[in-house]
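None of these values were measured; they are calculated from a predicted model. Residue numbers start from 1 in every chain, and the chains themselves are labelled A, B, ... in the order their sequence lines are given, proteins ahead of strands.
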Protein chains: 2
Amino acid sequence: MNHEEVILRRIVGYNLKRANSAVLATLQQVLGPLGLRRVTFSALAVIRSHPGLRQSDLAEILAIDRPNMVLIVHELEAAGFITRTRSQEDRRAYELRATPKGECVSEQSVDAVFDFDRGITEGIGEEERIMLIGLLNRIEANATAMGGEK
Amino acid sequence: MNHEEVILRRIVGYNLKRANSAVLATLQQVLGPLGLRRVTFSALAVIRSHPGLRQSDLAEILAIDRPNMVLIVHELEAAGFITRTRSQEDRRAYELRATPKGECVSEQSVDAVFDFDRGITEGIGEEERIMLIGLLNRIEANATAMGGEK
DNA sequence: TATTGTTATACTCTATAACTATA
DNA sequence: TATAGTTATAGAGTATAACAATA
(Lines give C-alpha, C1' and ligand atoms only; values in the text may rest on other atoms or scores of the structure.)
Protein backbone atom coordinates (compact mmCIF):
# COMPACT_ATOMS: atom_id res chain seq x y z
CA MET A 1 0.00 0.00 0.00
CA ASN A 2 2.43 2.58 -1.23
CA HIS A 3 0.23 4.77 -3.35
CA GLU A 4 -0.41 7.19 -0.52
CA GLU A 5 3.24 8.14 -0.84
CA VAL A 6 2.41 9.77 -4.16
CA ILE A 7 -0.05 12.13 -2.53
CA LEU A 8 0.35 13.12 1.13
CA ARG A 9 4.04 12.34 1.26
CA ARG A 10 4.67 15.16 -1.19
CA ILE A 11 3.31 17.65 1.28
CA VAL A 12 5.97 19.08 3.59
CA GLY A 13 3.38 19.78 6.29
CA TYR A 14 2.22 16.17 6.32
CA ASN A 15 5.75 14.81 6.71
CA LEU A 16 6.32 17.42 9.41
CA LYS A 17 3.29 16.16 11.31
CA ARG A 18 4.28 12.51 10.98
CA ALA A 19 7.83 13.23 12.15
CA ASN A 20 6.63 15.32 15.08
CA SER A 21 4.17 12.66 16.25
CA ALA A 22 6.77 9.91 16.09
CA VAL A 23 9.32 12.07 17.93
CA LEU A 24 6.86 13.06 20.65
CA ALA A 25 5.83 9.47 21.35
CA THR A 26 9.43 8.38 21.83
CA LEU A 27 10.50 11.52 23.69
CA GLN A 28 7.85 10.87 26.33
CA GLN A 29 9.58 7.58 27.11
CA VAL A 30 12.77 9.54 27.81
CA LEU A 31 11.19 12.33 29.90
CA GLY A 32 8.62 10.27 31.81
CA PRO A 33 11.15 8.60 34.12
CA LEU A 34 12.52 12.07 34.99
CA GLY A 35 9.07 13.27 36.04
CA LEU A 36 8.74 15.60 33.06
CA ARG A 37 6.68 15.90 29.92
CA ARG A 38 7.72 17.79 26.81
CA VAL A 39 6.30 21.13 27.86
CA THR A 40 7.51 21.02 31.47
CA PHE A 41 10.95 20.04 30.21
CA SER A 42 11.03 23.08 27.93
CA ALA A 43 9.75 25.41 30.64
CA LEU A 44 12.24 24.16 33.21
CA ALA A 45 15.15 24.52 30.78
CA VAL A 46 14.21 28.14 30.03
CA ILE A 47 13.62 29.02 33.70
CA ARG A 48 16.98 27.52 34.61
CA SER A 49 18.80 29.74 32.15
CA HIS A 50 16.70 32.80 33.01
CA PRO A 51 16.48 33.01 36.82
CA GLY A 52 13.73 35.40 37.90
CA LEU A 53 11.85 35.10 34.62
CA ARG A 54 8.17 36.00 34.78
CA GLN A 55 5.41 33.58 33.93
CA SER A 56 4.04 35.70 31.11
CA ASP A 57 7.49 36.08 29.56
CA LEU A 58 7.97 32.34 29.75
CA ALA A 59 4.62 31.83 28.06
CA GLU A 60 5.61 34.16 25.25
CA ILE A 61 9.00 32.50 24.75
CA LEU A 62 7.41 29.06 24.50
CA ALA A 63 4.38 30.27 22.49
CA ILE A 64 1.99 28.91 25.11
CA ASP A 65 -1.18 30.71 26.17
CA ARG A 66 -0.98 32.12 29.68
CA PRO A 67 -3.88 30.11 31.10
CA ASN A 68 -2.13 26.92 30.05
CA MET A 69 1.15 28.12 31.52
CA VAL A 70 -0.48 28.26 34.95
CA LEU A 71 -0.82 24.48 35.06
CA ILE A 72 2.73 24.00 33.84
CA VAL A 73 4.41 26.16 36.47
CA HIS A 74 2.19 24.75 39.20
CA GLU A 75 3.23 21.27 38.13
CA LEU A 76 6.90 22.27 38.26
CA GLU A 77 6.42 23.92 41.64
CA ALA A 78 4.54 20.92 43.08
CA ALA A 79 7.38 18.68 41.90
CA GLY A 80 9.83 20.90 43.78
CA PHE A 81 11.66 21.91 40.59
CA ILE A 82 10.98 25.66 40.75
CA THR A 83 10.01 28.42 43.17
CA ARG A 84 7.54 31.19 42.47
CA THR A 85 8.14 34.43 44.36
CA ARG A 86 6.28 37.71 44.07
CA SER A 87 8.21 40.37 42.22
CA GLN A 88 9.12 43.40 44.37
CA GLU A 89 8.85 45.76 41.40
CA ASP A 90 5.48 44.46 40.23
CA ARG A 91 3.51 42.62 42.87
CA ARG A 92 1.18 41.10 40.27
CA ALA A 93 4.01 39.07 38.77
CA TYR A 94 5.78 35.92 39.89
CA GLU A 95 9.50 35.40 39.45
CA LEU A 96 10.43 31.84 38.54
CA ARG A 97 13.63 30.15 39.64
CA ALA A 98 14.86 26.58 39.53
CA THR A 99 15.50 24.92 42.90
CA PRO A 100 18.73 22.91 43.40
CA LYS A 101 16.65 19.81 42.70
CA GLY A 102 15.21 21.48 39.62
CA GLU A 103 18.68 22.47 38.42
CA CYS A 104 19.81 18.89 38.75
CA VAL A 105 16.80 17.42 36.96
CA SER A 106 17.02 20.07 34.25
CA GLU A 107 20.67 19.32 33.61
CA GLN A 108 19.96 15.59 33.46
CA SER A 109 16.97 16.04 31.21
CA VAL A 110 18.73 18.44 28.84
CA ASP A 111 21.54 15.91 28.48
CA ALA A 112 19.02 13.12 27.88
CA VAL A 113 17.12 15.18 25.31
CA PHE A 114 20.31 16.10 23.45
CA ASP A 115 21.22 12.41 23.32
CA PHE A 116 17.72 11.65 22.13
CA ASP A 117 17.95 14.37 19.51
CA ARG A 118 21.16 12.86 18.18
CA GLY A 119 19.32 9.54 18.03
CA ILE A 120 16.44 10.81 15.91
CA THR A 121 18.89 12.56 13.57
CA GLU A 122 21.09 9.48 13.23
CA GLY A 123 22.50 9.39 9.72
CA ILE A 124 22.13 13.16 9.28
CA GLY A 125 25.40 15.08 9.13
CA GLU A 126 26.17 18.12 11.24
CA GLU A 127 25.86 20.51 8.29
CA GLU A 128 22.55 19.02 7.24
CA ARG A 129 21.36 19.21 10.82
CA ILE A 130 22.09 22.93 11.00
CA MET A 131 20.39 23.45 7.67
CA LEU A 132 17.39 21.41 8.80
CA ILE A 133 16.92 23.63 11.84
CA GLY A 134 17.13 26.66 9.55
CA LEU A 135 14.47 25.21 7.25
CA LEU A 136 12.16 24.43 10.18
CA ASN A 137 12.54 27.97 11.48
CA ARG A 138 11.77 29.32 8.03
CA ILE A 139 8.61 27.24 7.88
CA GLU A 140 7.57 28.36 11.35
CA ALA A 141 8.08 31.99 10.39
CA ASN A 142 6.23 31.62 7.07
CA ALA A 143 3.30 29.82 8.68
CA THR A 144 3.07 32.36 11.49
CA ALA A 145 3.14 35.22 8.99
CA MET A 146 0.43 33.57 6.88
CA GLY A 147 -1.76 32.88 9.89
CA GLY A 148 -3.68 35.17 12.20
CA GLU A 149 -1.76 38.33 13.11
CA LYS A 150 -2.40 38.21 16.83
CA MET B 1 14.78 37.57 25.26
CA ASN B 2 17.03 35.69 22.93
CA HIS B 3 18.91 33.45 25.30
CA GLU B 4 16.45 30.61 24.90
CA GLU B 5 17.69 30.36 21.35
CA VAL B 6 20.97 29.06 22.71
CA ILE B 7 19.25 26.12 24.36
CA LEU B 8 15.98 24.78 22.97
CA ARG B 9 16.56 26.13 19.48
CA ARG B 10 19.52 23.79 19.12
CA ILE B 11 17.23 20.80 19.53
CA VAL B 12 15.84 19.55 16.22
CA GLY B 13 12.77 18.09 17.97
CA TYR B 14 11.90 21.44 19.52
CA ASN B 15 12.10 23.29 16.21
CA LEU B 16 10.06 20.49 14.67
CA LYS B 17 7.35 20.98 17.26
CA ARG B 18 7.30 24.76 16.85
CA ALA B 19 7.09 24.48 13.07
CA ASN B 20 4.34 21.87 13.23
CA SER B 21 2.24 23.92 15.66
CA ALA B 22 2.52 27.05 13.55
CA VAL B 23 1.67 25.13 10.37
CA LEU B 24 -1.33 23.41 11.95
CA ALA B 25 -2.81 26.66 13.23
CA THR B 26 -2.67 28.26 9.79
CA LEU B 27 -3.69 25.12 7.92
CA GLN B 28 -6.93 25.00 9.89
CA GLN B 29 -7.82 28.38 8.46
CA VAL B 30 -7.47 26.89 4.97
CA LEU B 31 -9.38 23.66 5.61
CA GLY B 32 -12.13 24.99 7.87
CA PRO B 33 -14.06 26.77 5.09
CA LEU B 34 -14.02 23.48 3.12
CA GLY B 35 -15.62 21.60 6.01
CA LEU B 36 -12.46 19.64 6.77
CA ARG B 37 -9.86 19.39 9.49
CA ARG B 38 -6.34 18.11 9.00
CA VAL B 39 -7.12 14.48 9.69
CA THR B 40 -10.33 14.33 7.64
CA PHE B 41 -8.50 16.02 4.78
CA SER B 42 -5.80 13.34 4.87
CA ALA B 43 -8.32 10.51 5.13
CA LEU B 44 -10.41 11.82 2.25
CA ALA B 45 -7.36 12.25 0.04
CA VAL B 46 -6.27 8.66 0.64
CA ILE B 47 -9.79 7.24 0.18
CA ARG B 48 -10.15 9.13 -3.07
CA SER B 49 -7.01 7.59 -4.52
CA HIS B 50 -7.83 4.12 -3.13
CA PRO B 51 -11.49 3.41 -3.86
CA GLY B 52 -12.76 0.48 -1.79
CA LEU B 53 -10.08 0.89 0.87
CA ARG B 54 -10.91 -0.62 4.27
CA GLN B 55 -11.12 1.39 7.44
CA SER B 56 -8.37 -0.57 9.16
CA ASP B 57 -6.04 -0.15 6.18
CA LEU B 58 -6.73 3.57 6.17
CA ALA B 59 -5.95 3.72 9.87
CA GLU B 60 -2.64 1.97 9.33
CA ILE B 61 -1.68 4.21 6.41
CA LEU B 62 -2.35 7.34 8.44
CA ALA B 63 -0.91 5.93 11.69
CA ILE B 64 -4.19 6.51 13.50
CA ASP B 65 -5.62 4.09 16.06
CA ARG B 66 -8.72 2.30 14.81
CA PRO B 67 -11.08 3.58 17.51
CA ASN B 68 -10.20 7.12 16.52
CA MET B 69 -10.66 6.31 12.86
CA VAL B 70 -14.31 5.46 13.53
CA LEU B 71 -15.10 9.08 14.33
CA ILE B 72 -13.21 10.31 11.29
CA VAL B 73 -14.99 8.15 8.73
CA HIS B 74 -18.36 8.81 10.37
CA GLU B 75 -17.65 12.52 10.10
CA LEU B 76 -16.78 12.15 6.40
CA GLU B 77 -19.88 10.02 5.82
CA ALA B 78 -22.15 12.47 7.67
CA ALA B 79 -20.76 15.28 5.50
CA GLY B 80 -21.65 13.27 2.39
CA PHE B 81 -18.01 12.99 1.30
CA ILE B 82 -17.70 9.19 1.41
CA THR B 83 -19.80 6.02 1.40
CA ARG B 84 -19.23 2.97 3.60
CA THR B 85 -20.39 -0.33 2.11
CA ARG B 86 -20.00 -3.82 3.54
CA SER B 87 -17.34 -5.85 1.78
CA GLN B 88 -18.67 -8.93 0.00
CA GLU B 89 -15.47 -10.86 0.65
CA ASP B 90 -15.30 -10.03 4.36
CA ARG B 91 -18.58 -8.95 5.85
CA ARG B 92 -16.87 -7.51 8.93
CA ALA B 93 -15.17 -4.84 6.86
CA TYR B 94 -16.37 -1.62 5.29
CA GLU B 95 -15.20 -0.42 1.88
CA LEU B 96 -14.69 3.32 1.69
CA ARG B 97 -15.30 5.36 -1.44
CA ALA B 98 -15.51 9.08 -2.14
CA THR B 99 -18.85 10.38 -3.36
CA PRO B 100 -18.93 12.80 -6.32
CA LYS B 101 -19.26 15.58 -3.75
CA GLY B 102 -16.33 14.10 -1.83
CA GLU B 103 -14.24 13.87 -5.00
CA CYS B 104 -14.89 17.51 -5.68
CA VAL B 105 -14.09 18.68 -2.17
CA SER B 106 -11.01 16.48 -2.06
CA GLU B 107 -9.69 17.88 -5.31
CA GLN B 108 -10.32 21.41 -4.11
CA SER B 109 -8.74 20.79 -0.73
CA VAL B 110 -5.69 19.03 -2.16
CA ASP B 111 -5.13 22.00 -4.44
CA ALA B 112 -5.56 24.39 -1.52
CA VAL B 113 -3.18 22.41 0.67
CA PHE B 114 -0.53 22.26 -2.05
CA ASP B 115 -0.79 26.01 -2.41
CA PHE B 116 -0.57 26.36 1.33
CA ASP B 117 2.45 24.07 1.40
CA ARG B 118 4.19 26.22 -1.16
CA GLY B 119 3.41 29.19 1.05
CA ILE B 120 5.00 27.77 4.18
CA THR B 121 8.08 26.73 2.18
CA GLU B 122 8.42 30.12 0.54
CA GLY B 123 12.09 30.88 0.04
CA ILE B 124 13.03 27.20 0.04
CA GLY B 125 14.23 25.85 -3.31
CA GLU B 126 12.86 22.73 -4.94
CA GLU B 127 16.01 20.72 -4.22
CA GLU B 128 16.02 21.78 -0.60
CA ARG B 129 12.35 20.95 -0.36
CA ILE B 130 12.93 17.40 -1.57
CA MET B 131 15.83 17.04 0.81
CA LEU B 132 13.75 18.42 3.67
CA ILE B 133 11.08 15.79 3.11
CA GLY B 134 13.81 13.14 3.09
CA LEU B 135 15.19 14.42 6.39
CA LEU B 136 11.73 14.46 7.98
CA ASN B 137 11.15 10.88 6.85
CA ARG B 138 14.50 9.86 8.26
CA ILE B 139 13.62 11.43 11.61
CA GLU B 140 10.22 9.73 11.63
CA ALA B 141 11.84 6.37 10.91
CA ASN B 142 14.55 6.87 13.54
CA ALA B 143 12.07 7.95 16.21
CA THR B 144 9.73 5.07 15.41
CA ALA B 145 12.61 2.58 15.59
CA MET B 146 13.76 4.04 18.92
CA GLY B 147 10.27 3.99 20.38
CA GLY B 148 7.97 1.16 21.31
CA GLU B 149 8.09 -1.72 18.83
CA LYS B 150 4.37 -2.21 18.45
C1' DT C 1 -8.89 -17.99 18.15
C1' DA C 2 -8.14 -13.76 15.44
C1' DT C 3 -9.81 -9.64 13.14
C1' DT C 4 -13.14 -5.53 11.88
C1' DG C 5 -15.44 -2.12 13.55
C1' DT C 6 -17.33 -0.26 17.70
C1' DT C 7 -18.19 1.87 22.43
C1' DA C 8 -16.62 3.88 26.43
C1' DT C 9 -13.22 6.25 28.60
C1' DA C 10 -9.43 9.07 29.88
C1' DC C 11 -5.59 11.90 29.37
C1' DT C 12 -3.04 15.53 26.95
C1' DC C 13 -2.89 19.72 24.38
C1' DT C 14 -4.82 23.91 23.04
C1' DA C 15 -7.90 28.04 22.93
C1' DT C 16 -11.25 31.59 24.82
C1' DA C 17 -13.90 34.26 28.10
C1' DA C 18 -14.13 36.23 32.39
C1' DC C 19 -12.51 37.02 36.97
C1' DT C 20 -8.89 39.19 40.93
C1' DA C 21 -5.36 41.98 42.27
C1' DT C 22 -2.39 45.05 41.16
C1' DA C 23 -0.48 48.78 38.14
C1' DT D 1 -7.77 51.40 31.82
C1' DA D 2 -4.31 47.88 31.22
C1' DT D 3 -1.63 43.91 32.78
C1' DA D 4 -0.25 39.31 35.54
C1' DG D 5 -2.02 35.50 36.99
C1' DT D 6 -6.07 32.68 37.56
C1' DT D 7 -10.43 29.86 36.90
C1' DA D 8 -13.57 27.49 34.19
C1' DT D 9 -14.51 25.41 30.13
C1' DA D 10 -14.56 23.35 25.70
C1' DG D 11 -12.67 21.38 21.71
C1' DA D 12 -9.24 18.66 19.43
C1' DG D 13 -5.97 14.80 19.43
C1' DT D 14 -4.54 10.48 21.17
C1' DA D 15 -4.40 5.97 23.70
C1' DT D 16 -6.34 1.60 25.93
C1' DA D 17 -9.67 -1.95 27.26
C1' DA D 18 -13.53 -4.50 26.15
C1' DC D 19 -17.42 -5.77 23.29
C1' DA D 20 -20.34 -7.85 18.98
C1' DA D 21 -20.12 -9.71 14.52
C1' DT D 22 -17.62 -12.26 11.44
C1' DA D 23 -13.66 -14.90 9.84
Side-chain angles (χ1 to χ4, degrees), chain A residues 14 16-18 20-29 31-32 36-43 52-78 82-96 144 147-148 150, chain B residues 14 17-18 20-29 31-32 35-43 52-78 82-96 144 147-148 150:
Chain A
Y14 181 73
L16 193 62
K17 189 266 185 190
R18 290 292 296 257
N20 183 61
S21 296
V23 167
L24 175 58
T26 307
L27 178 61
Q28 285 171 330
Q29 299 177 12
L31 292 177
L36 293 169
R37 51 200 176 104
R38 184 170 58 175
V39 72
T40 50
F41 158 78
S42 301
L53 188 71
R54 289 178 179 198
Q55 238 175 262
S56 51
D57 292 332
L58 178 60
E60 189 176 6
I61 288 173
L62 295 178
I64 291 172
D65 290 326
R66 262 153 309 213
N68 297 325
M69 184 53 73
V70 174
L71 300 175
I72 293 164
V73 294
H74 283 192
E75 188 176 325
L76 287 172
E77 187 182 34
I82 65 166
T83 59
R84 298 166 65 238
T85 57
R86 284 287 184 193
S87 168
Q88 292 309 312
E89 304 133 18
D90 184 344
R91 291 172 45 71
R92 292 171 301 181
Y94 280 109
E95 296 175 352
L96 309 176
T144 302
K150 285 194 185 175
Chain B
Y14 181 74
K17 190 267 184 188
R18 290 292 296 256
N20 183 60
S21 295
V23 167
L24 175 59
T26 308
L27 178 60
Q28 284 171 332
Q29 299 177 11
L31 291 177
L36 293 170
R37 50 199 176 106
R38 183 172 56 174
V39 72
T40 50
F41 158 79
S42 300
L53 187 72
R54 290 178 178 197
Q55 236 174 264
S56 52
D57 292 332
L58 178 60
E60 189 176 5
I61 288 173
L62 295 177
I64 291 172
D65 291 324
R66 262 153 308 214
N68 298 325
M69 185 53 73
V70 174
L71 299 175
I72 293 164
V73 293
H74 283 192
E75 186 176 327
L76 286 171
E77 188 183 34
I82 65 166
T83 58
R84 297 165 65 239
T85 57
R86 284 287 183 191
S87 168
Q88 292 306 312
E89 305 133 17
D90 184 344
R91 290 171 47 70
R92 292 171 303 183
Y94 281 109
E95 295 175 352
L96 308 177
T144 303
K150 289 195 182 173

Rounded interatomic separation in angstrom, taking CG from A/L71 and P from D/dG5: 14 Å
Atom pair distance, as rounded to whole Å: OH in B/Y94 and P in C/dT3: 20 Å
Partner residues of A/E60 under the salt bridge (charged side-chain N to carboxylate O under 4.0 Å, His left out) criterion, sequence neighbours left out: none
Annotated protein contacts, base or backbone, on nucleotides 18-23 of chain D with a non-hydrogen cut-off under 4.0 Å, one of B, S, - each: ---BBS
Nearest heavy-atom neighbours spanning A/D90 and A/R54: CB-NH2, 3.3 Å
Separation of atom CD1 in A/I64 from atom P in C/dT16, rounded to whole Å: 15 Å
Length of the line joining B/M69:CE and C/dT7:P, which is rounded to integer Å: 16 Å
Side chain proximity check, B/V23 to A/Y14, heavy atoms < 4.5 angstrom: no
Phosphate OP1/OP2 of C/dC19: any A/R66 side-chain N/O under 4.0 Å: no
Whole-Å gap separating P (D/dT9) and CG (A/D65): 19 Å
Rounded distance in Å - CZ (B/R54) to C1' (C/dT6): 16 Å
Side-chain N or O of B/S56 closer than 4.0 Å to phosphate OP1/OP2 of C/dT3: no
Selection from D/dT6, C/dA15, D/dA15 that lies nearest to any side-chain heavy atom of B/N68: D/dA15
A/A43 versus A/L76, closest heavy-atom pair with distance: CB-CD1, 3.9 Å
B/R84: side-chain contact (heavy atoms from CB on, under 4.5 Å) partners, not counting sequence neighbours: B/Q55, B/V73, B/H74, B/E77, B/I82, B/Y94, B/L96
Earlier contact from the 5' end, DNA chain D, for A/K17 and A/Q55: A/Q55
Flag side-chain contact, heavy atom, 4.5 Å: B/R38 against B/L24: yes
Rounded distance in Å - CD (B/Q28) to P (C/dT16): 11 Å
A/R86 side chain vs A/R91 backbone, donor-acceptor pair below 3.5 Å: yes
Touch class at under 4.0 angstrom, heavy-atom based, for A/R38 against every strand present: nothing
Contact under 4.0 Å: B/H74 side-chain N or O vs C/dG5 OP1/OP2: no
Whole angstrom value for the distance that separates P of D/dT3 from CD of A/E60: 12 Å
